[in-house]
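Beneath this line is the structure, given in structure tokens, with notes to follow.
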Amino acid sequence: MEKINWTDKFNIGHPEIDRQHRQLIEMLNRLTGTPDVTTSSETVSDILHNMTQYAQIHFRTEENLLKTVEYPDLKAHKKEHLAYRKKIVDLCKHTMLGFHDVPEELLRYLHDWWSDHILVEDMKYRDFLQS
Ligand SMILES: [Fe+2]
């Protein structure tokens, strides 16, 4: 799968959020860049596990920040995070239960979700934060 190249277009302009986003994209690239991605590989389960944990920390940071600045669309934004969590739990469960290989569907979802979320949903609060 194609890697996500971090460029300026991903920057929200908040150092902590940008650092976390960058870290998440790095983890994702490591995951999709691992040849023969199998759930039995320690690297893969480590990355998946760490990425899930890190995503939780990141969502908390972001939601707290948006709450502090009284971002008007926080509710909708939280919904996006929740949908991600649910989908990941679902996909990971299926992956761990039934397959030796990490399904393309899981990798694709992670890949598309993070790039779309940062570039579309997170960008919506960028101007708000800067004002
Ligand atoms: Fe977000």
Point to revise | Neighbour count above 12 (heavy atom, 6.0 Å) for Gln130 CD | key: yes
**Study point:** Heavy atoms from other residues, nucleotides or ligands near CD of Glu16 exceed 12 (cutoff 6.0 Å)
**Key:** yes
Is the backbone N or O of [Y] less than 3.5 Å from a side-chain atom of [X], with the two atoms forming a donor-acceptor pair by type?
X     : Y     : answer
Asn29 : Ile4  : yes
Asp90 : Lys86 : no
Arg22 : Asn11 : no

Which word best sums up how the rings of [X] and [Y] line up, parallel for under 30°, tilted for 30 to 60°, or perpendicular for over 60°?
X      : Y      : answer
Tyr125 : Tyr71  : perpendicular
Tyr84  : Trp113 : tilted
Trp114 : His58  : tilted

How far does [atom1] of [X] sit from [atom2] of [Y], to the nearest 0.5 angstrom?
X      : Y      : atom1 : atom2 : result
Thr32  : Leu110 : OG1   : CG    : 9.0 Å
Glu26  : Ile47  : CD    : CD1   : 11.5 Å
Asp122 : Asp116 : CG    : CG    : 11.0 Å
Leu31  : Lys3   : CG    : NZ    : 11.0 Å
Met123 : Ile118 : CE    : CD1   : 8.0 Å
Arg85  : Ile88  : CZ    : CD1   : 11.5 Å

Exercise for review: Can you see which heavy atom on Glu70 is nearest to which on Phe128, and at what distance?
Suggested key: O-CZ, 3.6 Å
Study note, to complete from the structure: Correct closest heavy-atom pair for Glu2 and His111 would be O-NE2, 3.1 Å
Please tell me whether [X] and [Y] are part of a single hydrophobic cluster in this structure, the criterion being side-chain heavy atoms less than 4.5 Å apart.
X      : Y      : result
Leu119 : Tyr109 : yes
Phe10  : Met51  : yes
Ile17  : Leu24  : no
Leu66  : Phe59  : no
Met1   : Leu91  : yes

With the side chain counted from C-beta on, respond yes when [X] and [Y] share a heavy-atom pair under 4.5 Å apart, and no when they do not.
X     : Y     : answer
Trp6  : His21 : yes
Ile57 : Thr61 : yes
Leu65 : His14 : yes
Lys78 : Leu74 : yes
Asn5  : Ile25 : no
Glu62 : His77 : yes

**Study point:** Worked verdict on Met27 versus Asn50 for side chain to side chain contact (heavy atoms under 4.5 Å, CB included)
**Key:** CA-CA 8 Å; Met27 286 168 142; Asn50 291 342; 3.7 Å; yes
Check your understanding: Stepwise, does the salt bridge (charged side-chain N to carboxylate O under 4.0 Å, His left out) test hold for Arg108 with Glu105?
Key -> CA-CA 5 Å; Arg108 180 50 61 191; Glu105 189 192 355; over 6 Å; no
Check your understanding: Does a side-chain N-to-carboxylate-O contact under 4.0 Å join Glu80 and Lys87?
Key -> no
